[in-house]
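Position 1 is the first residue of the sequence, and the numbers go up from there. This structure is a prediction, so every number in the text was calculated from the model and none was measured.
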Amino acid sequence: MATTTVSIRIDEELKRQAEDLFADLGLNLTTAMTSFIRQSVREQRIPFALTRNIPNEETRRTLDAVLRGEGLSPAYSSLEELKEALNA
């Protein structure tokens with residue numbers, strides 16, 4: 001079977017984490033990506049659920065409080081004003 005090269009750009013730290021994970025599973029990055037692509041072709045879809053990152057209850061409460069203006073630090077019109085407040 002003829003092979004070809006595929007190049008992708010990803011964050012360096014993400015690549016390192018993926019390589020560590022796949023190594024623990026006995027795979028290298030190429031084998032893991034090939035497995036993903038084969039499974040996608042076999043199933044004719046992305047082989048996992050794609051979902052939105054929905055904030056948890058604590059994050060929602062915090063966002064709601066910020067939108068109501070609660071718990072915010074005061075605004076400063078100058079760096080000097082901020083320094084004075086910090087030294088108080």
Participant: For the CZ atom of Arg45 and the CD atom of Gln39, what is their distance to the nearest 0.5 Å?
Facilitator: 8.0 Å
Participant: Could you tell me the separation between the CG atom of Asn56 and the CD1 atom of Ile54, rounded to the nearest 0.5 Å?
Facilitator: 11.0 Å
Participant: Can you list the residues that meet the salt bridge (charged side-chain N to carboxylate O under 4.0 Å, His left out) rule with Glu13, with sequence neighbours excluded?
Facilitator: Arg16
Participant: How far does CG of Leu63 sit from CZ of Arg68, to the nearest 0.5 angstrom?
Facilitator: 10.5 Å
Participant: Can you check whether Ser77's main-chain N or O pairs, donor with acceptor, with Glu81's side chain at less than 3.5 Å?
Facilitator: yes
Participant: Under 3.5 Å, side-chain donor or acceptor atoms of residues 25-32 against the rest of the protein: list the pairs with distances, not counting sequence neighbours.
Facilitator:
unit_1, atom_1, unit_2, atom_2, d
Asn28, OD1, Thr30, N, 3.1
Asn28, OD1, Thr31, N, 2.7
Asn28, OD1, Thr31, OG1, 2.9

Participant: Heavy-atom count check: over 12 atoms from other residues, nucleotides or ligands less than 6.0 Å from Gln44 CD?
Facilitator: yes
Participant: Grouping I, L, V, M, F, W and Y whenever their side-chain heavy atoms are under 4.5 Å apart, do Val41 and Phe48 come out in a common cluster?
Facilitator: yes
Participant: Just so I know, are the side chains of Ser78 and Tyr76 near enough to count as touching, which here means a heavy-atom distance under 4.5 Å?
Facilitator: no
Participant: Are the side chains of Phe36 and Thr34 in touch, meaning some heavy atoms are under 4.5 Å apart?
Facilitator: no
Participant: Can Leu50 be reached from Ile10 by stepping across I, L, V, M, F, W or Y side chains whose heavy atoms are under 4.5 Å apart?
Facilitator: no
Participant: With no hydrogens and no angle check, is any side-chain donor or acceptor of Arg60 less than 3.5 Å from a backbone partner on Pro55?
Facilitator: yes
Participant: Verify the cluster assignment for Leu14 and Met33: are they in a single hydrophobic cluster under the rule of side-chain heavy atoms below 4.5 Å apart?
Facilitator: no
Participant: Is Ile8 reachable from Phe22 through a run of I, L, V, M, F, W or Y residues, each pair having side-chain heavy atoms under 4.5 Å apart?
Facilitator: no
Participant: Looking at Glu57, I want to see if its CD is surrounded by more than 12 non-hydrogen atoms of other residues, nucleotides or ligands under 6.0 Å.
Facilitator: yes
